[in-house]
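Have a look at the structure below, then the notes.
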Amino acid sequence: MAQPEVPSPEGDAEERRLIDRSASGDQEAFRQLVLRYHRLVINVAFRALGELSLAEDVAQDVFIKVHKALPTYRHDRPFKHWLHRVAANAVTDALRRRRPVVSLDGMEQPPASAVPDPQDVAARHDLQRAVRHAIANLPPHYRDTIALQAFGELSYDEIARALDIPLGTVMSRLNGAKRLLRERLGDLVRSSDDEVEANTA
Amino acid sequence: MLSHATTRDWLIPYADGMLASDERRPIDGHLAGCAACAAELREVRELNLLLVTLPPAPPVAFAPFWLKLQATLPQRRTIKLPTFARYRKLGLAFAVAAIAALAAASAALAAPSALPDNPLYPVKQLEESLQVAVTPSSGQLPLKLYLAGERLREAQAMAYDHKPRLAATSLRAFGVIVNDASAALKHADPRAASEDLKRLRADLDAVERANVTRNDDDADIKQVVAADLDEIDRIEQPEAVTPDPTLIIGTQATPQPTPQPTPRPTPRPEPSDDEHHR
Ligand SMILES: [Zn+2]
């Protein structure tokens, strides 16, 4: 069932009203705010965690945090970006709390049977899990920046605005984050790369 | 010619399309002649592919998500009857009965905020009808006004949620409740009644706006909203109507046998933020 996100330029005034009323304890206004954004937050959490029930729990946490923090929200930054930041923090926390099923050391030399095959759903899931854990284990400033790109699907520009840092800083952080990820994911990135080459050759 | 090291420093923003064309050109040049750096770029792109192909979540129903969230919010939902204080002048007995009705309503409604698309909704309907049955006649009007407001809240949520049939059902239920309460409203304190009606109009407007927000604004919703507005108009007509005996608010309900003509509300009531300037 397609349910397009409501926000639009003329919807901003309405959103502002919902935010102000939610902050002053109007639960119906907060309900409408959650109605607008629950999909976005659940998507971010699901991309990060890969498990729907867990993603819903984390999304609940995000909205509880938002509800608590709304009185401190100021309208000088788009609400969506602020929400993304709260969501990214919550999902990376949840990701770190979860002990990796497979250690990263083990993944650098995957057993022969586990060599990823893009056609293989299980192998794809292993890859995604490895990526999520590698992100979770990055240094915090790298982790928080790339979480917004990988889980939140924000552009460089949007990340800069969400974190309130210069675009150049976003660039260098993503650069650092991806270098570390490649280092740590090593064989996983390379072997599936070989697969791609073999397929396109 | 760029060095390997410099090229590699720029590969990630290069792969992300973040470089201007004059920044790209020297890198393109190096990549064309350097197999090692080209292989490096493929790895960067492979990582990007992994990052952007993390799948989105399957669809999640909103109503259960909200119910669960609402249960954990620090401030529990309170049944708000903004006009209650003004009815108080009708007498202590009325006030006591109304307070009892509200206390019972908030304690008894196990699914107080279930929306029509929620599996718990029939429970809510049952609880509401029990509530109406056990509430003394003096508490009926505030309860009905509250229930009428609930129907509009549901209708607005359903219209937003792209469920026009459920929205129209709640709107029709609203019309029935308002019609049911009309006699009591005509005999209530005219100022309080007029403000209640104004408020309901504003809420109806909000439903209509939610309906229009969806691109396919539903004709059925429009029609029922219009019918509901007519119902409110009828209540505001000054001429007396045969009162329904079950709906009269006790003996205090008729301090003035002929109700004052209520002032006509402005034809376009402002959006539902009238509690700001009560
Ligand atoms: Zn090179």
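In what follows, chains carry the letters A, B, and so on, assigned in the order in which the sequence lines appear, proteins first and then strands, with residues in each chain numbered from 1. Just so you know, these numbers come straight off a predicted model, no measurement behind them.
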Would you mind telling me which of A:I64, A:D61, A:V44 has the largest number of heavy-atom pairs within less than 4.5 Å of chain B?
-> A:I64
Top contributor to chain B contacts, counting heavy-atom pairs under 4.5 Å, from A:Y156, A:F63, A:F30, A:F151 |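 Most pairs with chain B among the choices: A:Y156.
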Please classify the contact between [X] and chain B as side chain, backbone, both or neither, with a heavy-atom cut-off of under 4.5 Å.
X     : result
A:A59 : both
A:L52 : side chain
A:V34 : both
A:Q60 : both

Taking only residues two or more places apart in sequence or in another chain, which ones pass salt bridge (Lys or Arg N to Asp or Glu O under 4.0 Å) with A:R179?
-> B:D9
Kindly indicate whether the side chain of [X], heavy atoms from C-beta on, has any atom under 4.5 Å from the side chain of [Y].
X     : Y      : answer
B:L73 : A:Q27  : yes
B:V60 : A:R39  : no
B:N48 : A:K178 : yes

Would the number of heavy atoms belonging to other residues, nucleotides or ligands and lying under 6.0 Å from [atom1] of [X] be above 12?
X      : atom1 : answer
A:W82  : CH2   : yes
A:H75  : NE2   : yes
B:R165 : CZ    : no

Would you give the length of the straight line joining atom [atom1] of [X] to atom [atom2] of [Y], rounded to the nearest 0.5 angstrom?
X      : Y      : atom1 : atom2 : answer
B:L47  : A:I146 : CG    : CD1   : 6.5 Å
A:E153 : B:L51  : CD    : CG    : 11.0 Å
B:L67  : A:R31  : CG    : CZ    : 10.0 Å
B:W66  : A:Q32  : CH2   : CD    : 10.0 Å
A:L181 : B:E43  : CG    : CD    : 13.0 Å

Are B:E40 and A:R182 ion-paired here, with the side-chain N under 4.0 Å from a carboxylate O?
-> yes
Which heavy atom in A:R47 sits nearest to a heavy atom in B:P56, and how many Å separate them?
->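 Between these two residues, the closest heavy atoms are NH2-CB, 3.9 Å.
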Take B:F65 and A:I42 through the side-chain contact (heavy atoms from CB on, under 4.5 Å) test and state the conclusion after the steps.
-> CA-CA 10 Å; B:F65 183 83; A:I42 291 172; 3.9 Å; yes
Residues in residues 14-26 of chain B near chain A [non-hydrogen atoms, under 4.5 Å] = B:D16, B:M18
May I ask you to decide if B:L54's main-chain N or O and A:Q128's side chain share a donor-acceptor pair within less than 3.5 Å?
->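 It does not hold such a pair.
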